[in-house]
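No experiment lies behind these values; they were computed from the predicted model shown.
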Amino acid sequence: MEAYFLAKWLHILSSTVLFGTGIGTAFQMVWVMHSGRTQAIHVTAFAVVMADWFFTTPAGIVQPLTGLWLIHLQGWSLTEPWLLVTYALYLLAFVCWAPVVHLQIRIRDLAARALADGTALPAEARRLYRLWFALGWPAFLALTAIFWLMITKPALW
């Protein structure tokens, strides 16, 4: 397979995994947190954390690598304005995602403790969830904008 098509396929595949896993796990967390069921929250948060390690993290590493490979293969300058905006948006998505993983782990652990103690989910879990939810939006919007930039490659300046 020609290098360009391999790089493009890997880039599209990893972006699909990154974006799709993000949307899917976000939906699961929102849905389960609204249920208020501690057991379901624990199981779902556990699965969401695992999905981030198994799918989101590898895809998040592959994305910039295949992106740089495509930039090289197509002869683009690394400092093209649309690429600079893409880098900034990807960094924004990462800066939002990194604490989200930690928040998911904390919610999972708080739910596990509540189950072990036979108590209700603590208010801290709801507070962490609200922060988790707020951080998800900039990451989602950043990745959506990156898709637009990848397709249009606009002349920004």
Side-chain angles (χ1 to χ4, degrees), residues 7-72 76 78-116 121-153 156:
K8 191 171 185 175
W9 177 73
L10 289 171
H11 197 65
I12 291 169
L13 183 62
S14 62
S15 72
T16 302
V17 170
L18 184 67
F19 195 77
T21 303
I23 295 262
T25 56
F27 175 79
Q28 287 181 309
M29 282 293 285
V30 168
W31 193 263
V32 78
M33 289 302 290
H34 285 286
S35 80
R37 295 179 17 232
T38 304
Q39 174 67 30
I41 290 167
H42 176 257
V43 169
T44 301
F46 182 87
V48 166
V49 168
M50 297 307 290
D52 270 340
W53 292 123
F54 293 146
F55 300 108
T56 308
T57 299
I61 293 167
V62 169
Q63 271 294 281
L65 295 176
T66 56
L68 290 171
W69 190 14
L70 283 166
I71 290 166
H72 169 74
W76 289 97
L78 289 171
T79 59
E80 290 286 334
W82 68 274
L83 285 171
L84 295 175
V85 174
T86 299
Y87 308 149
L89 289 169
Y90 197 79
L91 182 61
L92 171 63
F94 176 77
V95 166
C96 291
W97 175 76
V100 158
V101 174
H102 175 72
L103 294 169
Q104 291 166 175
I105 291 168
R106 291 281 300 129
I107 292 166
R108 178 201 65 195
D109 293 349
L110 288 169
R113 188 171 327 133
L115 286 171
L121 189 68
E124 181 184 357
R126 299 257 177 233
R127 183 185 62 77
L128 295 173
Y129 165 72
R130 287 190 297 275
L131 181 57
W132 174 91
F133 187 83
L135 285 168
W137 283 105
F140 170 77
L141 294 172
L143 291 178
T144 302
I146 290 169
F147 273 113
W148 182 80
L149 288 166
M150 293 295 106
I151 292 167
T152 63
K153 298 173 182 61
L156 298 175

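- Evaluation of the side-chain contact (heavy atoms from CB on, under 4.5 Å) rule for Ile151 yields no partner, not counting sequence neighbours.
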List the atom pairs, donor and acceptor, that lie under 3.5 Å between side-chain atoms in residues 19-32 and the rest of the protein, sequence neighbours left out.
residue, atom, partner, partner atom, Å
Thr21, OG1, Val17, O, 2.7
Thr25, OG1, Thr21, O, 2.8
Thr25, OG1, Gly22, O, 3.4

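- Note on residues 107-116: no pairs pass salt bridge (charged side-chain N to carboxylate O under 4.0 Å, His left out), not counting sequence neighbours.
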Check: residues 52-66 side-chain donor-acceptor pairs under 3.5 Å, at least two apart:
residue, atom, partner, partner atom, Å
Asp52, OD1, Thr56, OG1, 2.9
Asp52, OD1, Trp97, NE1, 3.4
Asp52, OD2, Gln104, NE2, 2.7
Thr57, OG1, Asp52, O, 2.9
Gln63, NE2, His11, O, 2.7
Gln63, NE2, Ser14, OG, 2.5
Thr66, OG1, His11, ND1, 2.6
Thr66, OG1, Val62, O, 3.0
Thr66, OG1, Gln63, O, 3.2

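- Separation of atoms CG (Leu70) and CE (Met150) is listed at 9.0 Å; rounding is to 0.5 Å.
- Atoms CD1 and OG1, on Ile71 and Thr86 in that order, are 8.0 Å from each other to the nearest 0.5 Å.
- Here Ile107 contributes atom CD1 and His102 contributes atom NE2; the two are 10.0 Å apart, rounded to the nearest 0.5 Å.
- In this view, Trp76 and Trp82 satisfy the ring-ring contact (aromatic ring centres under 6.0 Å, His included) rule, not counting sequence neighbours.
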Tyr87/Leu84 under side-chain contact (heavy atoms from CB on, under 4.5 Å): CA gap, chis, key distance, verdict: CA-CA 5 Å; Tyr87 308 149; Leu84 295 175; 3.9 Å; yes
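- Legend: residues meeting side-chain hydrogen bond (donor to acceptor under 3.5 Å, both in side chains) with Thr79, ordered by chain and number and at least two apart, are Ser77.
- Residue pairs satisfying the side chain to side chain donor-acceptor pair (under 3.5 Å) criterion with at least one member in residues 32-46, sequence neighbours excluded, are absent.
- Between the CG atom in Leu83 and the CG atom in Leu78 there is a gap of 7.5 Å [rounded to 0.5 Å].
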Run the numbers on Leu110 and Leu128 for side-chain contact (heavy atoms from CB on, under 4.5 Å), then give the verdict. CA-CA 10 Å; Leu110 288 169; Leu128 295 173; 3.7 Å; yes
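- Annotation: salt bridge (Lys or Arg N to Asp or Glu O under 4.0 Å) contacts of Arg106 (sequence neighbours excluded): Glu124.
- The shortest non-hydrogen separation linking Tyr90 to Ile146 is N-CD1, 3.5 Å.
- To the nearest 0.5 Å, atoms CZ (Arg130) and CZ (Phe133) are separated by 12.0 Å.
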Show the atom names and distances, to 0.1 Å, of all donor-acceptor pairs under 3.5 Å that link a side chain in residues 136-145 to residues at least two apart or in another chain.
residue, atom, partner, partner atom, Å
Thr144, OG1, Phe140, O, 2.8

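- Contacts of Lys153 classified as side-chain hydrogen bond (donor to acceptor under 3.5 Å, both in side chains), with partners at least two apart in sequence or in another chain: none.
- The environment of Phe94 atom CZ is sparse: at most 12 non-hydrogen atoms of other residues, nucleotides or ligands sit within 6.0 angstrom.
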